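Report on the following structure.
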Amino acid sequence: MQVKLVEGDSAGTVTALYMASEGLNHDELDFEFLGNVSGEPYLVQTNVYVNGTGNREQRHTLWFDPTAAFHTYSFLWNRYSILFLVDEVPIRVFANKEENGAPYPKTQAMGVQGSVWNADDWATQGGRVKTNWSHAPFVSTFRGFEIDACELSPETDDIASSKCGRVGEFWWDKPRMSGLNRHKSHQLKWVRRRHLVYDYCMDSGRFYEMPRECIV
């Protein structure tokens, strides 16, 4: 999806591009763009929910002004990992570590959604800066949506028994898609070094026990 974010004072607002299944125990993959006061950079928060549980946030700055032009934000979701990409550059890899006992989203079909909403209790500087409604309307523009996926009918299809559950049936599940190539790996390292500002796996005071997907 190509997105151009709210210009000017966007404090308190969140523009979201996300994939989600339905129900309380839903799976979800998030791009959340956290607005800020004029002149301050946006933060991009990514998150992964599995069976209704999230708390897997990473936050990044961007290397461009996301309000000045359209940029492309993508998910690549397969049985090996979930990639979050910005203009084809990977900013995050959420690897499947089921062998470590970590949950991984693979049993629920997800649709794609977008929204702009008020989250001034937490979105900007921890909620210290509130939405200035005199600057409304707050407009983000979405265009150029593209999808290449296995279509599943929730009413009639079960993932395990449908073609969507067959190993290696689609290009994104081929063995060559099991990891990043050298160029993409270098890009990810550059992003983490220059633009990563928060990673839940590095927040040792947040969890009583380190999440299993964070264990290398």
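Keep in mind that this is a model prediction, so the values were computed, not measured.
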If you measure only the distance, is there a donor-acceptor pair under 3.5 Å linking the side chains of [X] and [Y]?
X    : Y    : value
N132 : S134 : yes
W171 : D148 : yes
Y198 : D203 : yes

Going through the distances and angles, do W190 and S185 end up as a side chain to side chain contact (heavy atoms under 4.5 Å, CB included)? CA-CA 9 Å; W190 175 81; S185 294; over 6 Å; no
Is there a side chain to side chain donor-acceptor pair (under 3.5 Å) between N51 and T53? Walk through the geometry before answering. CA-CA 6 Å; N51 295 324; T53 301; over 6 Å; no
Would you say [X] and [Y] make side-chain contact, with heavy atoms under 4.5 Å?
X   : Y    : answer
L85 : L76  : yes
L62 : V86  : yes
V14 : V116 : no
T15 : V6   : yes
Y18 : N47  : no

Take Y80 and N96 through the side chain to side chain contact (heavy atoms under 4.5 Å, CB included) test and state the conclusion after the steps. CA-CA 5 Å; Y80 305 111; N96 184 342; 5.7 Å; no
As an exercise, state the distance from CD of E98 to OH of Y104, rounded to the nearest 0.5 Å. 8.5 Å
How close do [X] and [Y] get, heavy atom to heavy atom, and via which atoms?
X    : Y    : value
Q108 : N25  : NE2-O, 2.8 Å
H60  : I91  : NE2-O, 3.1 Å
K184 : P90  : O-CG, 3.5 Å
S21  : D27  : OG-N, 2.8 Å
G8   : S38  : C-OG, 3.4 Å
W77  : P105 : NE1-O, 3.0 Å

Tell me, please, whether Y200 has R206 positioned over its six-membered ring: NZ or CZ under 6.0 Å from the ring centre and within 45 degrees of its axis? no
same_hphob_cluster([X], [Y]) at 4.5 Å side-chain heavy-atom cutoff:
X   : Y    : result
F31 : V48  : yes
V50 : V112 : yes
L43 : L29  : no

Taking [X] for the side chain and [Y] for the main chain, is one N or O donor matched with an acceptor at less than 3.5 Å?
X    : Y    : value
D87  : V89  : no
R128 : Q125 : yes
K174 : G168 : yes
T124 : G12  : yes
N100 : A102 : no
K97  : I215 : yes
R92  : T46  : yes
S10  : E7   : no
N78  : D173 : no

Checking ring pair (Phe, Tyr, Trp, His ring centres under 6.0 Å) against F33, which of Y73, F138, Y42 comes through? Y73
Residues Y49, H26; criterion side chain to side chain contact (heavy atoms under 4.5 Å, CB included); working and verdict: CA-CA 7 Å; Y49 285 74; H26 72 291; 4.2 Å; yes
Dump the intermediate steps for side chain to side chain contact (heavy atoms under 4.5 Å, CB included) on H71 and F64, then the final yes or no. CA-CA 9 Å; H71 292 270; F64 53 83; 3.2 Å; yes
[X] atom [atom1]: more than 12 heavy-atom contacts under 6.0 Å:
X    : atom1 : value
K130 : NZ    : yes
E99  : CD    : yes
E22  : CD    : no
K106 : NZ    : no

How about F84 and F75: are their ring centres within less than 6.0 Å of each other? yes
